Amino acid sequence: MLIRIALLLAVCVSTSRGDAQTKMSRGLALNADGAVRIYNLGGSVKVTGWKRDSVAVRGTLGKGSTFHMGGSRAGMKMFVEDADERNPARADLEVYVPLNVKLWIKTATADISVTGVGGSLDLYVVSGNITVSGNPSDVNAEAIDGSIRIAGSPAWTRARSASGDVTFDGRTSDVSISTVSGRIFVTGSTFEKAKFESVTGSIRFDGGFERGGLISFDTHSGTVDIGLTAGSAADFDVVSIAGSISNKLTGKQAVAGRYGRGAELAAEAGGGGTRVVVRSFKGPVVLRKAGAANSQ
């Protein structure tokens with residue numbers, strides 16, 4: 001067994017000092033809907049949901065690092081403390097939590113991976129990568145240089161990155177994804193309220209919209225490539241100030257911009273019913289059938 005929970009129920013705080021790649025194993029009882037906070041500068045944090053009212057942790061600690069863990073049944077926290085925070089030793093944590101916990105994780109260079117957790121997720125990295133799979137109630141993920149990948153059906157999603165790519169694959173009714181120079185890749189369905197933004201990064205969408213929804217795509221100079229699944233309802237309102245608009249979806253041609261620059265397009269697909277607003281300064285915009293290649 002990873003731990004012996006019964007021996008740790010009365011423990012409020014446990015501490016383990018690590019030398020080079022020292023193995024550790026800890027545990028603590030937690031309510032099924034409790035809260036867990038994790039902080040680790042470098043290495044990795046892998047979290048998996050399980051059907052137990054307890055938290056189990058195993059992993060390895062680098063030389064000079066100290067692992068702290070404590071709390072109550074309502075909420076707990078764990079963190080790795082380094083003697084030199086400017087050059088932290090690598091710490092790899094594998095954590096098992098109740099399925100519906102509220103989870104908060106913050107790292108610097110450590111990668112974050114969360115699987116099978118159904119509660120609320122707040123995830124932050126600087127240059128590490130974030131991966132989420134499953135059906136959490138909501139996801140808030142932020143990265144500076146790292147990438148973000150979400151696969152599943154969260155009810156509510158917010159993902160932001162500066163230079164890293166953001167990928168979403170699944171179903172959600174409410175999503176907001178933004179980057180500065182990173183790329184955005186979206187595949188899925190049932191998007192009812194969605195906002196995709198970039199500055200120089202490209203945006204590629206392959207999926208469908210819920211009728212009656214509001215969807216927006218905004219970029220300064222990145223390509224906006226929208227592939228719509230058959231039967232999806234959309235009323236497109238597209239404007240590119242200095243870029244081109246290619247409509248391979250309905251065949252209707254764009255017209256010259258109202259201020260003598262760029263192009264504009266108003267087009268209906270699937271009988272309409274969902275407003276899709278696309279705004280670009282100088283990036284090209286392509287509308288096509290989902291799965292079809294963008295030859296532009």
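Quantities reported herein were computed from a predicted structural model and do not represent experimental measurements.
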* Asked: S147 and N129: side-chain donor and acceptor closer than 3.5 Å?
  -> yes

* **Straight-line distance of D206 CG to S189 OG, nearest 0.5 Å** => 12.0 Å

* **Ring geometry between F281 and H220 (parallel below 30°, tilted from 30 to 60°, perpendicular above 60°)** => parallel

* Same cluster (ILVMFWY, side-chain, under 4.5 Å), I112 and W104 -> no

* How far does CZ of R90 sit from OG1 of T60, to the nearest 0.5 angstrom? -> 7.5 Å

* Hey, does V117 have a side-chain heavy atom less than 4.5 Å from the side chain of V97? -> yes

* **Test: R279 and D218 ion pair at under 4.0 Å** => no

* Same cluster or not: are M24 and I105 linked, directly or through other Ile, Leu, Val, Met, Phe, Trp or Tyr residues, by side-chain heavy atoms under 4.5 angstrom apart? -> yes

* Asked: Does the side chain of T179 pick up a donor-acceptor pair with the side chain of S161 at under 3.5 Å?
  -> no

* Asked: Mind checking whether F196 and I215 have side chains closer than 4.5 Å, heavy atoms only?
  -> yes

* List the steps, then state whether salt bridge (charged side-chain N to carboxylate O under 4.0 Å, His left out) holds for D174 with R158. => CA-CA 9 Å; D174 189 338; R158 299 291 182 269; 3.1 Å; yes

* Take atom CZ in R160; do more than 12 heavy atoms of anything else shown fall under 6.0 Å from it? -> yes

* Asked: Side-chain donor-acceptor pair under 3.5 Å between R58 and S25, yes or no?
  -> no

* **Straight-line distance of T48 OG1 to E94 CD, nearest 0.5 Å** => 6.0 Å

* Among pairs that include at least one residue of residues 95-115, which meet salt bridge (Lys or Arg N to Asp or Glu O under 4.0 Å), considering only residues two or more places apart or in two chains? -> none

* Asked: Should M76 and V95 be regarded as members of a common hydrophobic cluster, given that ILVMFWY residues are connected when their side-chain heavy atoms come within less than 4.5 Å of each other, either directly or indirectly?
  -> yes

* Structure fact -> Rounded to the nearest 0.5 angstrom, the OG-CZ distance for S202 and R204 is 9.5 Å

* **Nearest heavy atoms of N40 and A110, plus distance in Å** => O-CB, 3.9 Å

* Charged N to carboxylate O below 4.0 Å: is that the case for K23 and D92? -> no

* Within a strict 4.5 Å, meaning less than it, do heavy atoms of the F217 and V285 side chains meet? -> no

* **Beyond-backbone contact of K193 with L214, side-chain heavy atoms, under 4.5 angstrom** => no

* pair T223-P284: side-chain heavy atoms closer than 4.5 Å -> yes

* Rounded to the nearest 0.5 Å, what's the gap from OG1 on T229 to CZ on F205? Could you check? => 7.5 Å

* To do: Let me know which of T167, V186, V132 forms a side-chain contact (heavy atoms from CB on, under 4.5 Å) with I150.
  => V132

* To do: Check whether the side chains of D122 and N140 place a donor and an acceptor atom closer than 3.5 Å, and report yes or no.
  => yes

* Asked: Can the ring centroids of F209 and F191 be said to lie less than 6.0 angstrom from one another?
  -> no

* Asked: Are any of the side-chain heavy atoms of L99 and K51 separated by less than 4.5 Å?
  -> yes

* Taking the side chain as every heavy atom from C-beta outward, state whether P98 and V55 have any atom pair closer than 4.5 Å. => yes

* Do the side chains of L30 and F67 join up, straight or via other hydrophobic residues, at under 4.5 Å, putting them in one cluster? -> yes

* Structure fact -> Checking V114, L121, I130 against V139 for side-chain contact (heavy atoms from CB on, under 4.5 Å), the one that qualifies is L121

* To do: Is it possible for you to say whether I203 and L249 belong to one hydrophobic cluster, with membership spreading through side-chain heavy-atom contacts below 4.5 Å?
  => yes

* E81 versus H68: any side-chain heavy-atom pair under 4.5 Å? -> yes

* **Any donor-acceptor N or O pair under 3.5 Å, side chains S163, D145** => yes

